[in-house]
Number of protein chains: 2
Amino acid sequence: MPTAELGLVSPLSRKISASAILSAGESDVLRSFEANPRPLRRRQEFITEGRKYQNLFVILEGISIRYRVLRNGTRQVVGVMLPGDFAGVPGCLFESALYSVRTLTDSVVSPVSLSRVIELFDVQPRLAAKIFWSFTCDAAVTAERLIAIGRLSALERVAHFVVELLTRMQAIGLADERSFAIPLTQELIGDALGLSVPHVNRVLRQLRDENILKIKEGVVIVKDIDALSELADFEQTYLKPLSISELF
Amino acid sequence: MPTAELGLVSPLSRKISASAILSAGESDVLRSFEANPRPLRRRQEFITEGRKYQNLFVILEGISIRYRVLRNGTRQVVGVMLPGDFAGVPGCLFESALYSVRTLTDSVVSPVSLSRVIELFDVQPRLAAKIFWSFTCDAAVTAERLIAIGRLSALERVAHFVVELLTRMQAIGLADERSFAIPLTQELIGDALGLSVPHVNRVLRQLRDENILKIKEGVVIVKDIDALSELADFEQTYLKPLSISELF
DNA sequence: CGTCGCTTTGATCATGATCAAGGGATGTGG
DNA sequence: CCACATCCCTTGATCATGATCAAAGCGACG
């Protein structure tokens, strides 16, 4: 059973492995980053915009979102964070956190002091390279959504968002060919894509009517991946980083 | 004359210095990254989406933009690149480039092979850290514009964009208190902010009428920085990274 | 059983897109 | 030196995407 097998792998190692080959020693270090598991209930904010942090949080289990609440009261979701992601990048690398992060589901995270990550540059520079390389991939994900929000229609944006999540979930072994479990509310989708809840609702109904996509009770089921990708104008490349290991 | 003085400094060193203290040796390495100056005329594309690159380009002089042309024919400008920036991050770190980059003005860039940058992790890990730290800051700039496009009105977006550029230009000594020279066309502003040209025109007229901002012949003059910042809901923090040097 | 969190739907409104046309400045070739 | 092209800005008229406002439905849960 591949799912069970994957369940045993360190989420962080799995994420970093997407763009780099890890030595046994490096995997050990990454596992040490996961040594302080801390359970969080759903809807719990564990990074707050404006506060100062001296650590990051590795997400071991569960889904979180990174967002900002603007002065005008609206919320913009900057990204969805999956197991293996570092919550707090890049937000916590500034004088005060740039975004808030909260869980969508019951989660487990492990704090890692910033100094430990920085130390890696001295102690295990190649591992540091691999970690920072994966930060760069995360940056590409953000840029793709910037493009989507700037120039796609509401329908296309929703398609793009779903394909992004499907692909990322697959990459860490948490999605099968056509579906994944993330409790996407319509409000959340709207806040991620710059749309209102009623409009997201209409777009989702259209996708459901056309038998392209169904979201039900926290499970997203893609009925027609071709139609969805077509709508999304999706750039697969941005989830295929060069393997940094080849470059050393 | 501070301007003349700054003109002598390596653009790359100046950029990295914003978030880290550089040793003399490190500055030398950075200067070596600038050793192959290559002049480019304005409007010249030097990175093309979909092509493969094995190097980055340090921008020594001039302004460039990073963008994608979508299937529907529209263009989204992902970012504006200033002297000291690495063109090709993160776009060139993938199988094929994610974005195109072209100059807005006559420019000078210097190619740096990706392997040289990666080598730094072995040879000068602390310098590598500082460079990747600055990539992280760039990622924050992108995320801020994502937020702006997602949740601000056209007027507010334009204000935000101008304040972003003013602040970044000031950080590298290319802007005074209230103005800077970047040939922003209305089309460019629209493509950066997800707006149409006629609408950008109207917004700019409003800002001009209210004596807040004037753009004329490639020079942006901020008449009322308070009003502009107020509109922009601008998060100063994101341009004030922690000093990585303190963390070692 | 009532509240909460989320979805759904309809009616109206407005921001900003699109379409169309023209204008001014600069540059270029004949 | 003129003719024409290019690039960019400007303005107006109309349209439409998606926001806002309002209300109701509907599970799940305590």
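Excluded from the calculations below are hydrogen atoms, water molecules and symmetry mates; all remaining heavy atoms, backbone and side chain alike, are included.
The residue B/Gly194 sits close only to the backbone: its heavy atoms come under 4.0 Å of sugar-phosphate atoms, none of a base. Looking at heavy-atom distances under 4.0 Å, B/Leu204 makes no contact with the nucleic acid at all. Nucleic acid contact class of A/Thr185 (heavy atoms, under 4.0 Å, all strands): sugar-phosphate only.
The shortest distance between side-chain heavy atoms of A/Leu82 and A/Ile59 does not fall below 4.5 Å. Contact check for B/Ile172 versus B/Pro83: side-chain heavy atoms found under the 4.5 Å cut-off.
Across the protein-nucleic acid pair, B/Lys216 atom NZ and D/dC9 atom P stand 11 Å apart, rounded to whole Å. Per the geometry, CG belonging to A/Leu195 stands 14 Å off P belonging to C/dT7, to the nearest Å. The nearest whole Å value for the distance from the CZ atom in A/Arg43 to the C1' atom in C/dG5 is 7 Å. Rounding to whole angstrom units, CD1 of residue A/Ile189 and P of D/dA19 are separated by 13 Å. Distance, B/Arg151 CZ to D/dT20 P: 8 Å, rounded to whole Å. We find that CG of A/Leu104 is positioned 15 Å from P of C/dG5, with the value rounded to whole Å. Note: CG (B/Leu188) to C1' (D/dC7) measures 14 Å, nearest angstrom. Rounded to whole angstrom, the span from the CD atom of A/Glu217 across to the P atom of D/dC29 amounts to 10 Å.
For the pair A/Arg75 and A/Tyr67, the distance from NZ or CZ to the six-membered ring centre is under 6.0 Å and the angle to the ring normal is within 45 degrees.
Minimum atom distance to the side chain of B/His199 is reached by C/dG16, of the listed C/dT9, C/dG16, D/dG18. Side chain of B/Pro198, nearest nucleotide from C/dG10, C/dT7, C/dT18: C/dT18. Comparing C/dT8, D/dG18, C/dG10 by their closest approach to the side chain of A/Arg202 singles out C/dG10.
For the pair A/Arg157 and D/dT17, the criterion of a side-chain N or O lying under 4.0 Å from OP1 or OP2 is not met. Applying the 4.0 Å criterion to OP1 and OP2 of C/dT8, one finds that A/Arg208 has a side-chain N or O inside that range. The phosphate of D/dT11 has OP1 or OP2 within less than 4.0 Å of a side-chain N or O from B/Arg205. Side-chain N/O atoms of A/Asn201 include one lying less than 4.0 angstrom from OP1 or OP2 on C/dT8.
Note: B/Phe57 and B/Phe86 fail the aromatic proximity criterion, with ring centroids not under 6.0 Å apart.
Inspection of the A/Gln170 and A/Thr167 side chains reveals no N or O donor paired with an N or O acceptor under 3.5 Å.
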